[in-house]
Number of protein chains: 2
Amino acid sequence: MSAGDRLRVALVEDDRRTREAFRVLIDGSPGFACVAAYGSLEEALHVPPHEPPDVVLLDIKLPGMWGSEGVDLVAKRFVGSKVLMLTAFEDESRIVESLCKGAAGYILKDTPPARLLEYIREAASGGAPMSPEVARKVVALFSTLAVPQRLDCEVKPQEARLLALLADGYGYQGAAEEMGVSVNTVRSYVRSIYEKLQVHSKSEAVSKALRAGLI
Amino acid sequence: MSAGDRLRVALVEDDRRTREAFRVLIDGSPGFACVAAYGSLEEALHVPPHEPPDVVLLDIKLPGMWGSEGVDLVAKRFVGSKVLMLTAFEDESRIVESLCKGAAGYILKDTPPARLLEYIREAASGGAPMSPEVARKVVALFSTLAVPQRLDCEVKPQEARLLALLADGYGYQGAAEEMGVSVNTVRSYVRSIYEKLQVHSKSEAVSKALRAGLI
DNA sequence: CCAGGGTTAGCATGTTCATGCGGCGCGAGC
DNA sequence: GCTCGCGCCGCATGAACATGCTAACCCTGG
């Protein structure tokens with residue numbers, strides 16, 4: 001029963017048969033122990049396992065809160081545990097949501113058992129396991145993004161800070177107070193920013209700066 | 001000499017010894033053929049191989065233009081070829097740059113030969129091979145991003161279009177002309193946007209919209 | 001020492017914006 | 001029908017902004 005020095009795994013999966021199958025697989029594999037198996041996120045969050053898991057396998061499609069929505073909650077509840085999405089769901093927005101919320105990796109349910117155990121180990125040791133299909137989607141996602149510009153070399157720290165303030169809705173006066181300089185100085189900064197970014201308004205500047213990753 | 005039905009690989013790598021080592025590895029592996037080996041990106045772009053490669057292995061640190069900068073050029077020159085970064089460079093911005101410019105994958109030079117060949121095959125078949133370290137960096141990158149908001153359901157197409165115009169530096173007047181409505185209508189839209197986004201200035205609205213992925 | 005460049009600052013002017021108020025037409029539903 | 005919401009339009013006012021001109025202050029290099 002005890003996990004001993006084995007890798008502790010918790011499981012969140014609504015389908016009973018699948019859950020039991022995974023539990024059997026994990027418990028039956030040397031070096032692995034299934035310390036908990038939940039049918040929903042809510043259950044997992046309210047009934048913590050006796051032993052803190054090294055890895056939480058989290059299904060996406062769950063009754064109640066979806067797995068991709070609750071990654072951050074799980075991470076906060078199980079401090080030190082890695083969250084590994086394990087799902088049939090290949091939806092891009094779910095992948096993004098999961099990863100943004102701190103999932104360590106994202107693997108598909110049709111992964112062969114041996115591979116799955118490898119992935120779990122990889123996640124536990126700080127890696128980022130992804131099924132090939134998922135990796136492809138992630139990489140494809142990047143190529144739809146603009147290449148981060150390298151005009152940051154031009155922009156000085158103070159100007160970047162000002163840009164951040166402007167993006168947060170500050171006006172000249174507010175930004176000036178926040179930065180401890182006079183309004184007129186802010187005007188100067190803005191002027192210089194406009195020249196460097198080749199723009200003529202706050203909003204355009206903020207837009208370019210955000211897209212260039214300066215903020 | 002001929003590639004026959006083997007997987008055609010081109011190589012861009014400035015270090016002579018490394019280049020030859022990879023060439024020998026590839027040519028010596030059944031199912032693989034090295035159809036070209038270049039010492040620089042410029043060379044690769046000006047002297048196309050006799051046979052179009054299936055995969056181009058691209059080093060990052062090259063004399064002249066860096067590999068990560070020229071991924072798109074390679075992709076354009078070698079239509080249909082996958083570009084696979086092969087480098088010791090683990091710099092995050094280089095990874096991002098490469099992937100944004102269309103690299104199919106990103107693997108490290110210390111990859112064992114057998115694994116390397118696997119990766120090449122994976123890239124050729126439309127996959128996205130990544131070394132574990134790279135995958136970890138990519139996933140970590142996501143968790144620094146904000147989770148895409150789902151308030152877009154609130155924002156109507158016209159308002160989104162207006163936001164895009166404002167982000168591009170248009171004023172009320174310009175946006176109105178662009179959209180074929182009166183300035184006052186634009187004011188209405190802006191008002192409604194401000195309410196939905198809970199902001200009080202163009203720049204803040206643009207900032208929130210960009211971060212939420214509405215544009 | 002002085003020249004030149006970057007930083008901070010001030011001021012003035014015309015423009016644009018934020019926001020409160022009101023009005024017209026049109027389709028949905030009572 | 002009639003009202004209600006909503007997309008569209010108009011006006012007005014005080015605030016914020018964009019931009020041109022000027023200048024003190026510090027560096028750093030000649």
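Labels below follow one simple rule: chain letters A, B, ... track the order of the sequence lines, proteins then strands, and each chain is numbered from 1. Just so you know, these numbers come straight off a predicted model, no measurement behind them.
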Of all residues at least two apart in sequence or in a different chain, which pass the side chain to side chain donor-acceptor pair (under 3.5 Å) check with B/E178?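 Not a single residue meets the side chain to side chain donor-acceptor pair (under 3.5 Å) criterion with B/E178.
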
Length of the line joining [X]:[atom1] and [N]:[atom2], which is rounded to integer Å:
X      : N      : atom1 : atom2 : answer
B/Y189 : C/dA18 : OH    : P     : 17 Å
A/Q158 : C/dT7  : CD    : P     : 8 Å
B/R191 : D/dG7  : CZ    : P     : 14 Å

With sequence neighbours excluded, tell me which residues meet side chain to side chain contact (heavy atoms under 4.5 Å, CB included) with [X].
X      : answer
A/V139 : B/L99, B/A128, B/M130
B/S203 : A/K202, A/V206, B/S201
A/S182 : A/N184, A/T185

According to salt bridge (Lys or Arg N to Asp or Glu O under 4.0 Å), does anything in residues 107-116 of chain B pair up with another residue at least two apart or in another chain? List the pairs.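 As it turns out, the salt bridge (Lys or Arg N to Asp or Glu O under 4.0 Å) pairs with a partner in residues 107-116 of chain B, which skip direct neighbours, are B/E13-B/K109, B/D59-B/K109, B/R115-B/E118.
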
Pair listing, salt bridge (Lys or Arg N to Asp or Glu O under 4.0 Å) test, anchored in residues 179-188 of chain A, at least two apart: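 As it turns out, there is no salt bridge (Lys or Arg N to Asp or Glu O under 4.0 Å) pair with a partner in residues 179-188 of chain A once direct neighbours are skipped.
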
Numerically ordered, the residues 167-188 of chain A set in heavy-atom contact under 4.0 Å with DNA chain C is A/V181, A/S182, A/N184, A/T185, A/S188

DNA chain C-proximal residues of residues 198-207 of chain B, any heavy atom under 4.0 Å: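 Within residues 198-207 of chain B, the residues near DNA chain C are B/H200, B/S201, B/K202.
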
Below 3.5 Å is the cut-off: list the nitrogen or oxygen pairs between protein and nucleotides 4-6 of chain D, distance only.
none

Would you please name every residue forming a ring-ring contact (aromatic ring centres under 6.0 Å, His included) with A/Y194, sequence neighbours left out?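 With sequence neighbours excluded, A/Y194 shows a ring-ring contact (aromatic ring centres under 6.0 Å, His included) to no residue whatsoever.
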
Any pair counted as side-chain hydrogen bond (donor to acceptor under 3.5 Å, both in side chains), so long as it reaches residues 162-172 of chain A, sequence neighbours left out: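 Sorted result for residues 162-172 of chain A: A/D168-B/R211.
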
Test: side-chain hydrogen bond (donor to acceptor under 3.5 Å, both in side chains). Region: residues 134-145 of chain A. Which pairs qualify, not counting sequence neighbours? A/E90-A/K137

Between A/E69 and A/K101, is the salt bridge (charged side-chain N to carboxylate O under 4.0 Å, His left out) condition met? List the steps. CA-CA 8 Å; A/E69 295 170 313; A/K101 291 208 166 196; over 6 Å; no

